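Right, one structure below, let's go through it.
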Amino acid sequence: MENSIRNAVIRFEQEFMGRGPDEVRALVARDLVVVRLKGVLTPAERQLAKTVEGVEMVKQLRQNLIAQGRDKLCEQVGEITGAKVLGLFTDIDVQLGERVLVFTTDREIQYGTR
């Protein structure tokens, strides 16, 4: 299940963000799905991130993009886990080039069931 979530997030990043991350880890814990993405910034975003204003621009751009694809991503995670996704929380550390996604679900996720 975690590998399926990982692959779905990679596809989402490629389609909506223009490139996939260098590394992705997914963890299912009770009613949470936590995904950590490393190496998510494009070369242009890394260049922008050299200034305070650029950091804010990158964060805002990434928030807007995730908002546009939120429904699709939540639907995919719901299909994989068999649980209804209630919320998606995310933040990006531009200096590290890492993003974390946290999905909350309506119940504890059981492995092997859909």
Side-chain angles (χ1 to χ4, degrees):
M1 182 182 300
E2 290 169 342
N3 194 49
S4 295
I5 293 167
R6 176 188 169 279
N7 291 338
V9 170
I10 289 170
R11 279 191 307 277
F12 174 83
E13 286 281 315
Q14 290 170 337
E15 292 171 10
F16 276 83
M17 306 304 180
R19 69 180 287 277
D22 294 337
E23 183 181 334
V24 179
R25 292 184 185 170
L27 172 71
V28 175
R30 295 183 171 218
D31 61 348
L32 299 174
V33 176
V34 180
V35 183
R36 180 180 180 190
L37 301 89
K38 293 182 180 181
V40 297
L41 299 181
T42 65
E45 288 170 327
R46 284 194 299 274
Q47 194 64 30
L48 276 174
K50 292 180 178 179
T51 67
V52 174
E53 296 84 10
V55 167
E56 289 306 313
M57 287 174 61
V58 171
K59 286 182 76 124
Q60 188 62 47
L61 173 67
R62 289 292 180 134
Q63 287 298 100
N64 288 344
L65 287 170
I66 201 90
Q68 290 179 6
R70 174 191 183 98
D71 291 343
K72 179 179 180 180
L73 188 56
C74 289
E75 180 181 311
Q76 289 175 343
V77 170
E79 288 175 5
I80 293 166
T81 62
K84 180 180 179 186
V85 174
L86 301 175
L88 168 57
F89 304 87
T90 184
D91 199 9
I92 186 168
D93 185 312
V94 178
Q95 282 77 26
L96 290 177
E98 290 189 19
R99 162 173 253 160
V100 174
L101 304 168
V102 179
F103 299 87
T104 57
T105 62
D106 65 340
R107 59 189 160 81
E108 286 195 18
I109 298 166
Q110 302 297 316
Y111 285 98
T113 60
R114 283 182 162 241

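Model, not experiment: these values are computed from the prediction.
- Residues Ile80 and Ala8 approach most closely at CD1-CB, 3.9 Å, considering heavy atoms.
- Contact check for Thr51 versus Val55: no side-chain heavy atoms found under the 4.5 Å cut-off.
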Using the side-chain contact (heavy atoms from CB on, under 4.5 Å) rule, take Val35 and Phe103 through it: C-alpha gap first, then chi angles, then the decisive distance, then the call.
CA-CA 8 Å; Val35 183; Phe103 299 87; 4.2 Å; yes
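- Linking Ile, Leu, Val, Met, Phe, Trp and Tyr whenever their side-chain heavy atoms come within less than 4.5 Å leaves Val33 and Val102 in two separate clusters.
- Closest approach of Leu32 and Thr105 over heavy atoms only: N-OG1, 4.5 Å.
- Between the side chain of Gln76 and the main chain of Leu73, no donor-acceptor pair closer than 3.5 Å is present.
- Here the CZ atom belonging to Arg99 is positioned 4.5 Å from the CD1 atom belonging to Ile66, to the nearest 0.5 angstrom.
- Using a 4.0 Å cut-off between a side-chain N of Lys or Arg and a carboxylate O of Asp or Glu, Arg36 and Glu23 do not qualify as a salt bridge.
- Nearest heavy atom pair, residue Val85 against residue Gly78, reads CG2-N, 3.8 Å.
- Atom CD1 of Ile5 sits about 6.0 Å away from atom OG1 of Thr81, to the nearest 0.5 Å.
- Atom CZ of Arg62 sits about 12.5 Å away from atom CG of Asp91, to the nearest 0.5 Å.
- Of the residues listed (Asp93, Val94, Ile92), the one engaging Val40 in a side chain to side chain contact (heavy atoms under 4.5 Å, CB included) is Ile92, and it is the only one.
- Separating the CD atom in Gln95 from the NZ atom in Lys50 is a distance of 13.0 Å, to the nearest 0.5 Å.
- Crowding of Lys38 atom NZ: a count of heavy atoms from other residues, nucleotides or ligands under 6.0 Å exceeding 12.
- In terms of hydrophobic clustering, with Ile, Leu, Val, Met, Phe, Trp and Tyr side chains grouped at heavy-atom distances under 4.5 Å, Leu37 and Ile10 are assigned to a common cluster.
- Annotation for Phe12 and Gly69: closest pair CE1-O, 3.5 Å, computed over non-hydrogen atoms.
- Hydrophobic clustering of Ile, Leu, Val, Met, Phe, Trp and Tyr side chains at less than 4.5 Å, counting indirect connections, unites Leu88 with Val77.
- Taken from CD in Gln47 to OG1 in Thr42, the straight-line distance is 10.5 Å, to the nearest 0.5 Å.
- With hydrophobic clusters built from ILVMFWY side chains whose heavy atoms lie under 4.5 angstrom apart, Met1 shares a cluster with Val24.
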Pair Gln68, Asn64 - check side chain to side chain donor-acceptor pair (under 3.5 Å), show working.
CA-CA 6 Å; Gln68 290 179 6; Asn64 288 344; over 6 Å; no
Chi angles and distances behind the side-chain contact (heavy atoms from CB on, under 4.5 Å) call for Glu45, Leu61
CA-CA 10 Å; Glu45 288 170 327; Leu61 173 67; 3.9 Å; yes
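- Between Arg19 and Glu13, no side-chain nitrogen of the basic residue sits less than 4.0 Å from a carboxylate oxygen of the acidic one, so the salt-bridge criterion is not met.
- Ion pairing between Arg25 and Glu2 fails under the 4.0 Å rule for side-chain N and carboxylate O.
- Separating the CG atom in Asp31 from the CD1 atom in Ile109 is a distance of 7.5 Å, to the nearest 0.5 Å.
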